[in-house]
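A quick write-up on the structure given underneath.
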Amino acid sequence: MINLEQLTSKVCEIAIEGGKYLASERKTFQKDKVIEKGSHDYVSYVDKETEKLLVKKLSELLPEATFITEEKTVKFEEKDYCWIIDPLDGTTNYINDNTPYCVSIALSHKSELLIGVIYEVCRDECFYAWKDGKAYLNGTQIHVSDKGSLNQSFVELGLPYNAKAYKPVINHLMDELYGRASCIRINGSAASDLCYVAAGRFDLYIEAYINIWDFAAGALIVQEAGGNITNFSGEDFMKGHHIVASNTLVHNEAVKLLTPFLGSL
Ligand code: IPD
């Protein structure tokens with residue numbers, strides 16, 4: 001039987017080690033090292049080397065687990081335990097020396113999330129949670145906010161790479177929320193967006209066309225901090241790419257905003 005609390009603590013050490021490598025490479029990072037793997041979707045040796053480091057350390061920690069990783073430096077195999085890794089979430093921020101960016105690591109067992117760890121490099125913040133163990137930031141328990149309506153909410157929106165398909169949605173959300181919500185931000189790192197909901201900094205975060213390595217760790221952190229995370233229909237998010245994460249109190253209001261797009265995304 002795995003002790004999730006102890007395992008989480010070791011995963012935090014590994015995520016921080018990955019983050020320190022990112023920070024040290026950033027000092028001399030050159031934009032000519034960047035490759036465009038999809039439209040405006042970038043990667044460099046830094047993402048790949050960080051991923052290799054994480055895979056090596058996590059394999060030693062739990063040899064029976066397989067991997068799903070953004071940069072595909074390791075082959076996925078069908079197994080019960082699975083590490084889900086984004087070695088550098090917020091790559092465009094990193095490339096442009098902007099904040100935030102993170103290492104994101106989740107552990108699942110038969111699709112159930114057991115551990116979520118996100119290390120946000122720029123503020124030296126390690127967010128983590130394990131199933132039924134609550135959520136923490138650098139050793140202190142965190143909780144979602146208590147804002148009761150969208151009118152009071154500090155809202156984070158994502159701009160996924162799939163701009164053409166998402167433009168009608170983001171235009172609609174801007175139209176509905178700008179001037180109504182307390183304020184809107186677009187920070188450029190799905191993993192940290194979820195952590196900020198968990199820590200009560202944002203009350204709501206909406207994004208589509210993101211991948212399991214972008215949201216798996218953050219999803220558990222949000223849930224263990226008392227928040228809610230669903231797809232755009234208010235249902236299970238795990239198998240899809242579209243997410244709404246909130247402090248729970250504003251969730252229904254947020255999901256209602258998305259009803260014009262159900263079935264078309
Ligand atoms: C991206 C970031 C970004 C989000 C994109 C993601 P990456 O992840 O999370 O905030 O808008 O959709 O793909 O490429 O930096 O790992």
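Quick note: residue numbers are just sequence positions, from 1. In listed order, ligands and their atoms are each counted from 1.
- More than 12 heavy atoms of other residues, nucleotides or ligands shown are found within 6.0 angstrom of NZ on Lys72.
- Residue-ligand proximity, Glu70 to ligand 1, at heavy-atom distances under 4.0 Å covers atoms 14 (O), 16 (O).
- At least one N/O-N/O distance between Gly90 and ligand 1 falls below 3.5 Å.
- Judged by distance alone, the side chain of Asn187 and the main-chain N or O of Glu156 form no donor-acceptor pair under 3.5 Å.
- Within ligand 1, the atoms closer than 4.0 Å to a non-hydrogen atom of Ala190 are 2 (C), 9 (O), 10 (O), numbered from 1 in the order shown.
- Below 4.0 Å from some heavy atom of Asp86 lie the following atoms of ligand 1, by number and element: 16 (O).
- Residues Glu70 and Lys37 are paired through a salt bridge, judged by an N-O separation under 4.0 Å between the basic side chain and the carboxylate.
- Inclusion of Glu207 in the set of residues having an N or O under 3.5 Å from an N or O of ligand 1 is warranted.
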Could you walk me through whether Lys256 and Glu253 pass the salt bridge (Lys or Arg N to Asp or Glu O under 4.0 Å) check? CA-CA 5 Å; Lys256 266 192 209 129; Glu253 251 190 299; over 6 Å; no

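- Gly188 counts as a contact of ligand 1, since one of its heavy atoms falls under 4.0 Å from the ligand.
- Side-chain atoms of Lys20 and Tyr119 include a donor-acceptor pair closer than 3.5 Å.
- Between Tyr101 and Tyr94, the ring planes are perpendicular. Angles over 60° get that label, and only those under 30° would be called parallel.
- Contacts between Leu88 and ligand 1, counted as non-hydrogen atom pairs separated by less than 4.0 Å, involve the backbone only.
- Atoms of ligand 1 found under 4.0 Å from any heavy atom of Ser189, numbered from 1 in the order shown, are 9 (O), 10 (O).
- Taking a cut-off of under 4.0 Å to the non-hydrogen atoms of Asp214, the atoms of ligand 1 that pass are 6 (C), 8 (O), 13 (O), 16 (O).
- Numbered from 1 in the order shown, with element, the atoms of ligand 1 that lie under 4.0 Å from a heavy atom of Thr91 read 7 (P), 14 (O), 15 (O), 16 (O).
- In this comparison of Tyr42, Tyr166, Tyr161, Tyr209, the heavy atom closest to atom 14 (O) of ligand 1 sits on Tyr161.
- Per-residue contacts place Ile210 under 4.0 angstrom from the following atoms of ligand 1 (heavy atoms of the residue considered): 12 (O).
- Across Leu220 and Lys131, no two heavy atoms sit closer than the pair CD2-N, 4.1 Å.
- Defined by atom type and a distance below 3.5 Å, a donor-acceptor pair is missing between the side-chain atoms of Glu120 and Ser192.
- Protein heavy atom at the shortest distance from atom 8 (O) of ligand 1 is Asp89 OD1, 3.1 Å.
- Aromatic ring centroids of Tyr136 and Trp130 lie under 6.0 Å apart.
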